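The shown structure was predicted, so the numbers you read here are calculated from the model rather than taken from an experiment. Below, each value reflects all heavy atoms present in this structure, side chains not excepted, and no hydrogens, waters or symmetry copies.
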Amino acid sequence: MKNHKITLFLFFFVILSLHAQKMEDYTNPWEGKFDNPKTVHLKVSIENLDSAKPRFKIANDHTIVDYPFTTENQSNLKITFSENQFFEGSFSANQKEINGFIKSGLLLYHITLNKGKDNIFTGYWNIVMVDELLSSKLYLSVENGNNDDYQAYSVFGDDRFTGTWCTDFQKENNQISFTDFKTGLKFKGELRLNEIKLGLFLGINLITQINLTKSEKDWTTGGFSSANKKSKLQLLGLESLVKSDSLPNTHSILISEKGKIIYEHYFDGYTANLPHDMRSSSKSISSAFVGIAKDKSLFKNVDQSVFDFLPAKYQNQKDNLKEKITIQSLLTMSSGLDAIDYGINANPKSAAVEDNYQMATDWTEAILSAPMIHPSSTKANYGSANPYLLGIAMDSLVSEPLELFMDKNLFQKLAITDYILQTDLKGNPYFGGGMYLTPKDILKFGELYLNKGKWNGQRIISEQWVADSFKPYHVLENTVDKNAYGYLWWHHSYLINGKRIKTMEARGAGGQYIFIIPDLKSVVVITSGNYRNGKSQQPEKIFKNYILPQLYK
């Protein structure tokens, strides 16, 4: 009888404790470790495609997803393996590859599945961009706890992953959950005494679990070294400055001359195989897809109104001024819409209307609802709303998902397979920025434009489109330097040894640059992580002071 009372007491104590847990008691920094640094390197496979029972699988050291599906279309596949996650892809001409994407969160992860001898198609998905974590640490900041209310933000010790954007904070008894809406990762935690047992999930499917305890020391991230091969060009002084933090957060520098890579160096644990967030420098890549669509006669000319391509639901926004917004005005940031952002190199006195449309549930509606601040095609102001509308227009022109069109007509032709596309809230590729490419693949794109639309002798974009892209159409009114601007390409010049060297540049926040120098037959790529320290333009300093003097001898 005594033991029965003790058991009953413990039972009620546990029940009460589950309901008594308040989030203010967990408002702390927490930390734990991944058991396996490759746990986020996920093997993706499709089995039994030639049978009535094909299966789609995702695994690390255990099976995460094992999903039976049916094939309705023999040329294109779409497999929804979780409520908000799917794989889509198309077969290569020889049926030995499936090129496609996993859509998870705001990202489209490109994956190539190769057919093996066992007729299984296999590829890999790095959901946090890296194939192996250099730090096994996972940190969790639980903030603003008040009864069942809280926020929680996860931080990886390997800061080469660009981080999570957590939302949808839920709590029920001792269970908490929240979602990273960027990657689509789901976090589910069990609140224990002085511990949080945290699981990482794809939908309802467990990737791994980590036990978190309260942090006793300040968090540490990064600080990794990169292995580098010796390059033909030596820039030892520059490398010393980067390593000493005189030129902080420089992640990679690559230089090509006459089609050959003469310098390639990585810092802070970055490697040749790690896709880097290009931010707005990928706007210039977006412009290429407009050119490809034009070359394929999917639209007549760049003087057409954007309303020729927009769905019927947006036609009520058209008026005498807005109907004159053309494809070319969007390419040259001269739509006239009050949709300006601070942007890289922008004048800080400019309006930051971009923040407004990205908070809306319908970005297209929000942008088109903005007032006109000047007639279309007269003045240019830098922002992401203009290229965003280009993406919506291009999506209306293609018969397949836009990302598959992009892959077939550019990325595959440049042999680019390891990349990620950011999407808008509706899952469409976002032309305003946010592609992730490896530095070598970024260099390929620069070479394509340097070579007037050809890559390895193959015509990918018409020479006319490249020439039109590089013309100076307007001056960017809201930038400090008042740069001339082409089709989502920046114009700039540098004075070296008394000679003015002209460049065409792709630029992105944090210091993501492609420099094309036609006079020197060279391309320079610099990737960086200077997002909030006022050093976004540091690559221009590196280029002018340390690289151009070596190229111009």
Side-chain angles (χ1 to χ4, degrees), residues 26-42 60-61 64 104-105 107 109 124-143 150-167 176-190 192 194-202 206-227 242-243 245 248-252 266-277 420 436 438 510 527-533:
Y26 290 85
T27 300
N28 282 289
W30 300 79
E31 62 184 79
K33 288 185 177 182
F34 289 93
D35 290 336
N36 182 349
K38 295 184 77 68
T39 195
V40 289
H41 180 59
L42 307 178
N60 45 24
D61 54 2
I64 300 168
S104 184
L107 301 179
Y109 297 82
Y124 291 91
W125 174 24
N126 298 322
I127 191 168
V128 297
M129 289 72 174
V130 300
D131 58 358
E132 183 171 8
L133 295 166
L134 294 183
S135 168
S136 60
K137 286 281 190 178
L138 177 71
Y139 303 108
L140 183 70
S141 177
V142 179
E143 302 174 8
Y150 70 100
Q151 289 92 45
Y153 303 99
S154 57
V155 176
F156 284 65
D158 188 338
D159 62 356
R160 300 176 305 163
F161 170 51
T162 54
T164 57
W165 301 345
C166 295
T167 187
I176 62 172
S177 66
F178 50 95
T179 302
D180 172 24
F181 73 89
K182 182 171 73 173
T183 65
L185 278 170
K186 183 86 172 181
F187 295 84
K188 297 180 182 180
E190 179 185 344
R192 297 179 171 185
N194 297 321
E195 184 181 66
I196 299 176
K197 188 175 183 180
L198 188 69
L200 280 65
F201 290 78
L202 296 177
L206 179 67
I207 298 174
T208 190
Q209 278 191 327
I210 302 173
N211 292 327
L212 305 177
T213 57
K214 291 181 180 179
S215 299
E216 297 180 356
K217 299 179 180 179
D218 291 339
W219 294 350
T220 59
T221 61
F224 314 120
S225 60
S226 295
V242 173
K243 291 175 182 177
D245 269 351
N249 303 314
T250 300
H251 296 160
S252 72
Y266 302 91
F267 307 88
D268 292 345
Y270 285 81
T271 68
N273 300 320
L274 182 63
H276 199 283
D277 188 352
I420 303 164
Y436 295 70
T438 68
T527 62
S528 321
N530 290 306
Y531 298 111
R532 297 176 185 87
N533 59 5

For the residue pair [X] and [Y], what are the closest heavy atoms and their distance?
X: R192; Y: Y26; value: O-OH, 2.8 Å
X: Y139; Y: G157; value: CE1-CA, 4.0 Å
X: N126; Y: D131; value: OD1-CA, 3.5 Å
X: T527; Y: S252; value: OG1-OG, 2.6 Å
X: I127; Y: S104; value: CD1-OG, 4.4 Å
X: L206; Y: T208; value: CD1-O, 3.3 Å

Would you please test F156 and F34 for ring pair (Phe, Tyr, Trp, His ring centres under 6.0 Å) and show each step?
CA-CA 10 Å; F156 284 65; F34 289 93; 5.7 Å; yes

Side chains of [X] and [Y]: closer than 4.5 Å at any heavy-atom pair?
X: N530; Y: P248; result: yes
X: Q151; Y: C166; result: no
X: L138; Y: L198; result: yes
X: T250; Y: Y270; result: no
X: Y436; Y: L107; result: yes
X: I64; Y: L202; result: yes

Euclidean distance, [Y] [atom2] relative to [X] [atom1], rounded to 0.5 Å:
X: L274; Y: M129; atom1: CG; atom2: CE; result: 9.0 Å
X: T39; Y: E132; atom1: OG1; atom2: CD; result: 11.5 Å
X: T183; Y: F161; atom1: OG1; atom2: CZ; result: 5.0 Å
X: N194; Y: T213; atom1: CG; atom2: OG1; result: 9.5 Å
X: S225; Y: F267; atom1: OG; atom2: CZ; result: 12.5 Å
X: I176; Y: K188; atom1: CD1; atom2: NZ; result: 12.5 Å

Evaluate the side-chain contact (heavy atoms from CB on, under 4.5 Å) criterion for residues L185 and I207: first the C-alpha distance (whole Å), next the side-chain angles of each, then the deciding distance (0.1 Å), finally the verdict.
CA-CA 9 Å; L185 278 170; I207 298 174; 3.6 Å; yes

Within the distance-only criterion (no hydrogens, no angle test), does the side chain of R160 pair as donor or acceptor with the backbone N or O of G269 below 3.5 angstrom?
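Checking the backbone N and O of G269 against the side chain of R160, a donor-acceptor pair under 3.5 Å is found.
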
Side-chain donor/acceptor of W165 to backbone N/O of G163, under 3.5 Å:
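Here the side-chain-to-backbone pair does not exist.
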
Can you sort out the partners of K182 under side chain to side chain donor-acceptor pair (under 3.5 Å), two or more places apart, ordered by chain and number?
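T162.
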
Mind checking what makes side chain to side chain donor-acceptor pair (under 3.5 Å) contact with T271, not counting sequence neighbours?
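Listed in chain order: nothing, the list is empty.
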
Tell me whether the count of non-hydrogen atoms from other residues, nucleotides or ligands lying under 6.0 Å of NZ in K137 goes above 12.
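Enclosed.
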
Residues two or more places apart in sequence or in another chain: which of them pass ring pair (Phe, Tyr, Trp, His ring centres under 6.0 Å) with F187?
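If we apply the ring pair (Phe, Tyr, Trp, His ring centres under 6.0 Å) test to F187, skipping adjacent residues, the hits are F178.
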
With side chain to side chain contact (heavy atoms under 4.5 Å, CB included) as the test, pick out the partner of D180 among L200, T167, T164.
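Result: among L200, T167, T164, T164 is the only option passing the side chain to side chain contact (heavy atoms under 4.5 Å, CB included) with D180.
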
Establish, from distance only, whether the side-chain atoms of N249 and S528 form a donor-acceptor pair under 3.5 Å.
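Short answer, no.
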
Determine the interplanar angle of the H276 and H251 rings, folded into 0 to 90°, and report it as parallel if under 30°, tilted if 30 to 60°, perpendicular if over 60°.
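Plane angle between 30° and 60°, so tilted.
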
So, K197 and E195, do they make that salt bridge, N to O below 4.0 Å?
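Result for this pair is no, no salt bridge flagged.
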
